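Working notes, structure below.
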Amino acid sequence: MPDDDRRAKLERLREQGVDPFPHAFPGVQPSASVHAAHDDLEDGGETDVDYRVAGRLAARRGHGGSAFLDVVDRSGRIQIQARRDVLGEEPFDRLVSLDLGDIVGIDGTAFSSRRGELTLRATDWTLLAKSLAPPPDKFHGLEDTETRYRRRELDLIANEETRELFILRSRVVAAVRRWLDDRGFLEVETPVLQPLYGGGHARPFTTHHNSLGRDLYLRIATELYLKRLIVGGLERVYEIGKDFRNEGLSPKHNPEFTVLEFYEAYADYVDIATKLEELVSFVAAEIGYGGEIDFSPPWRRVSLRDAIEEATGVDVLAHRDRDALVTAAAQRGIDLAPGDTWPQLVDELLSKHVERELHDPTFIVDYPVELSPLAKTHRSQPGLVERFECFAGGMEFANAFTELNDPDEQRARFEEQRRYTAEGDDQAQPYDEDFVRALEQGMPPTGGIGVGIDRLVMLLSGRRSIREVVLFPAMR
RNA sequence: GGGCCGUUAGCUCAACUGGUAGAGCAGGAGACUCUUAAUCUCAAGGUUGAAGGUUCGAGUCCUUCACGGCCCA
C-alpha cells in the first residue's frame with residue numbers, strides 16, 4: 001500500500017529528528033519571479049544569485065549522485081538540481097527519497113542547464129509538509145470529471161489549466177470591482193437570509209432561524225435591497241455575491257451562483273447597456289482575452305419581439321394571451337406547453353429558439369410587462385417595459401431595466417404576479433410590502449442590472465460548463 | 001423526465017465472437033552526477049461501481065440500482 005509506505009517514511013523522518021510539519025518558512029519567492037529574472041540566461045550559463053522557493057514536489061529524475069526535481073507553486077514550475085557533492089550525503093539522500101506530493105522549501109542558486117532550462121542548484125532544503133496520499137498521474141493529470149469536481153484540490157494540484165482558470169476567475173472579479181470602484185460605485189452587502197425572497201423568477205431555498213422561530217429564505221437576487229439603498233440616497237451601489245435558486249442542475253445552472261448587481265440613480269436602461277459594454281470589454285482586455293467572441297462595443301441591439309419573430313415567425317405581441325399564442329405557435333409548427341402562463345411561453349420561445357443563436361454579445365430589448373414585474377413601463381411602447389437581457393456564446397449573462405419607481409404601479413404588478421401564482425406559476429414573484437413602502441419614500445429614476453459572474457467567466461475562459469468555473473460545484 | 005455513453009490497480013488506460021484481468025506512471029528494492037513523460041534491472045500491486053440473474057465458466061450477456069458525461073425535453 002502506497003499510503004503505508006508514506007506513513008513508514010513519516011515515522012522514519014520523525015525518528016531522524018525531522019519535523020515533517022514545521023510551522024512556517026519565511027522569505028519564499030514565487031518561482032515565476034526566478035524565471036522572470038533569468039530566463040534570458042544562455043544554455044549552461046551560471047549565476048551567483050540565490051533564491052528561496054517552496055512548493056509541491058511534482059517530479060523527480062534521479063541520476064545516482066545527482067537528481068532533478070520539479071517543484072510546483074502557484075506561479076508555475078521550477079526545476080531543482082540536487083547534488084550529493086553540494087548538499088552532503090544525508091541531506092541529499094533524504095531530499096531524493098521524498099515522495100511526490102511532499103511540500104518542500106528549497107534554497108538554491110540559479111543556473112541554466114545544458115539544455116537551457118532555468119534551474120536552482122539546491123544548497124539547502126526543508127521538508128515543509130509530508131504528503132500521505134499519492135498524487136494523480138504526473139503526466140496525464142487528473143481527468144476523471146467527477147473526481148475533478150468533488151476533489152478540486154487534486155484537480156488544482158494535477159492540472160495547470162485548472163489552476164490558471166481559477167486565477168483567471170479571480171482576476172475577472174478583481175477587474176469588475178476596479179471598474180465599478182473607479183466610477184464611484186459603492187460596494188455593499190445585503191442580507192443572504194431574507195424573510196421574503198424577491199427580485200427574480202425562481203424557487204427559493206428555505207431555512208429556519210431557531211431562536212426567532214421563523215422560516216427564512218436564501219436570497220434569489222439582491223435587487224430589492226439594493227434599490228432600497230438607492231432610495232436611501234447611496235446613488236451608485238453594487239454587490240457581488242451568491243444567489244441561490246432551488247432548481248435543477250445543468251451546464252448553465254448551479255444552485256448557488258455568483259451575481260454582480262449594480263444600480264445607478266438618474267440612469268436608465270440605455271445608460272446601463274452602455275456601461276455593461278464598457279465593463280465587459282474592459283474586463284476582457286484586463287485579462288488578455290483572445291477568444292472567438294467579439295466583446296468590443298457597441299453590441300447589437302434587437303427587440304425581443306423582432307428576435308422571436310425572426311427565429312420562429314411568431315409575433316408574440318400580436319398574441320397577447322396564452323391561448324392565442326399557443327395557437328399562433330402551433331400554426332408555425334412549434335408546440336408550446338398549454339399549461340404555462342403567457343410570460344412563461346414567451347420566455348420559452350426566447351430560450352429555445354433565440355438564445356443559442358446569439359454568439360457575439362447581443363442586447364435583446366423591450367420585454368412585455370408580464371415578464372418583468374420590477375421594470376418601468378416603456379416610455380413610448382405600450383405594453384412593454386424598458387428591459388434588456390444580454391446574451392453571448394448562446395447564453396444569457398445579464399438582465400437589466402429602467403427600474404420601476406412608482407410605488408402604486410409596483411403594488412399593482414405584485415398583484416398581477418399573485419394571479420400568475422394562482423394560475424400555477426410557482427416561480428412568480430411574491431408581494432414585498434417592505435419594498436413597496438421603500439418606494440413610497442421616493443426612489444429617483446434608476447437603472448440597474450444583474451450580471452452572472454460564473455457565466456461571464458465561462459464566456460471569457462471558453463468553458464462550456466458552469467461546473468468548470470465554480471471551484472466546488474453542486475454534485476448529487 | 002427520456003436517449004446514448006461511461007465506471008477495471010493510487011492515476012491514465014488495455015483485455016477480440018464469454019475462456020487464468022494486462023501495461024505505463026506512481027509506490028518498493030537496486031544501477032546511474034545535466035535530466036525533464038529521464039533510462040535500465042527486479043519484485044509487488046485487483047471484491048472489474050453495487051446487487052441479482054443466465055452459463056461448465058462473466059470485466060464481457062441480461063435485469064435493477066448508484067454515480068458521472070453528452071444530447072434531447
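Every value quoted in this text rests on a predicted model; they were computed, and no experiment measured them. Just so it is clear: chains get the letters A, B, ... in the order the sequence lines come, proteins before strands, and each one is counted from 1.
Between B/C5 and B/G57, the two C1' atoms lie 28 Å apart (nearest whole Å).
At a threshold of 4.0 angstrom between heavy atoms, the contacts of A/Asp85 include nucleobase atoms, whether or not backbone atoms are also involved. Residue A/Arg464 is out of contact with every strand shown, counting any heavy-atom pair closer than 4.0 Å. Using a 4.0 Å heavy-atom criterion, one finds that A/Thr145 contacts the sugar-phosphate atoms exclusively. Counting non-hydrogen atoms under 4.0 angstrom, A/Phe111 reaches a base of the nucleic acid. Within 4.0 Å of A/Gly62, counting heavy atoms only, lies at least one base atom of the nucleic acid. Residue contacts shown for A/Arg476 are limited to sugar-phosphate atoms, with no base heavy atom under 4.0 Å away.
The pair A/Arg84-A/Asp93 meets the salt-bridge criterion, with a side-chain N (NZ, NE, NH1 or NH2) lying under 4.0 Å from an Asp/Glu carboxylate O.
Judged by atom type and distance alone, A/Glu117 reaches the base of B/U36 through a side-chain donor-acceptor pair under 3.5 Å. No hydrogens or angles were tested; on distance alone, a donor-acceptor pair under 3.5 Å links the side chain of A/Asp137 to the base of B/G24.
Dashed line: the shortest gap from a side-chain N or O of A/Lys138 to OP1 or OP2 of B/A38 is under 4.0 Å. For A/Arg61, a side-chain nitrogen or oxygen approaches OP1 or OP2 of B/A38 to under 4.0 Å.
Of the N and O atoms on the side chains of A/Glu468 and A/Ser465, not one donor lies less than 3.5 Å from an acceptor on the other residue.
Counting only heavy atoms from C-beta on, A/Arg467 has its side chain closest to B/G68 among B/C72, B/G68, B/C34. Checked against B/A37, B/C67, B/U33, the side chain of A/Phe139 finds its nearest nucleotide in B/A37. When distances are taken from the side chain of A/Arg114 to each of B/U36, B/C34, B/C67, the shortest belongs to B/C34.
A/Ser281 contributes no side-chain N or O that, together with a main-chain N or O of A/Ser296, makes up a donor-acceptor pair within less than 3.5 Å. In terms of modelled atom types and a separation under 3.5 Å, the side chain of A/Arg455 and the main chain of A/Lys252 share a donor-acceptor contact.
Within a 6.0 Å radius of CZ in A/Arg320, more than 12 heavy atoms belonging to other residues, nucleotides or ligands are found.
When each of A/Asp99 and A/Ala67 is assigned the nucleotide of RNA chain B with its nearest heavy atom, A/Asp99 is the one assigned upstream, toward the 5' end. Closest-nucleotide positions on RNA chain B for A/Arg60 and A/Arg150 were compared, and the one nearer the 5' end corresponds to A/Arg60.
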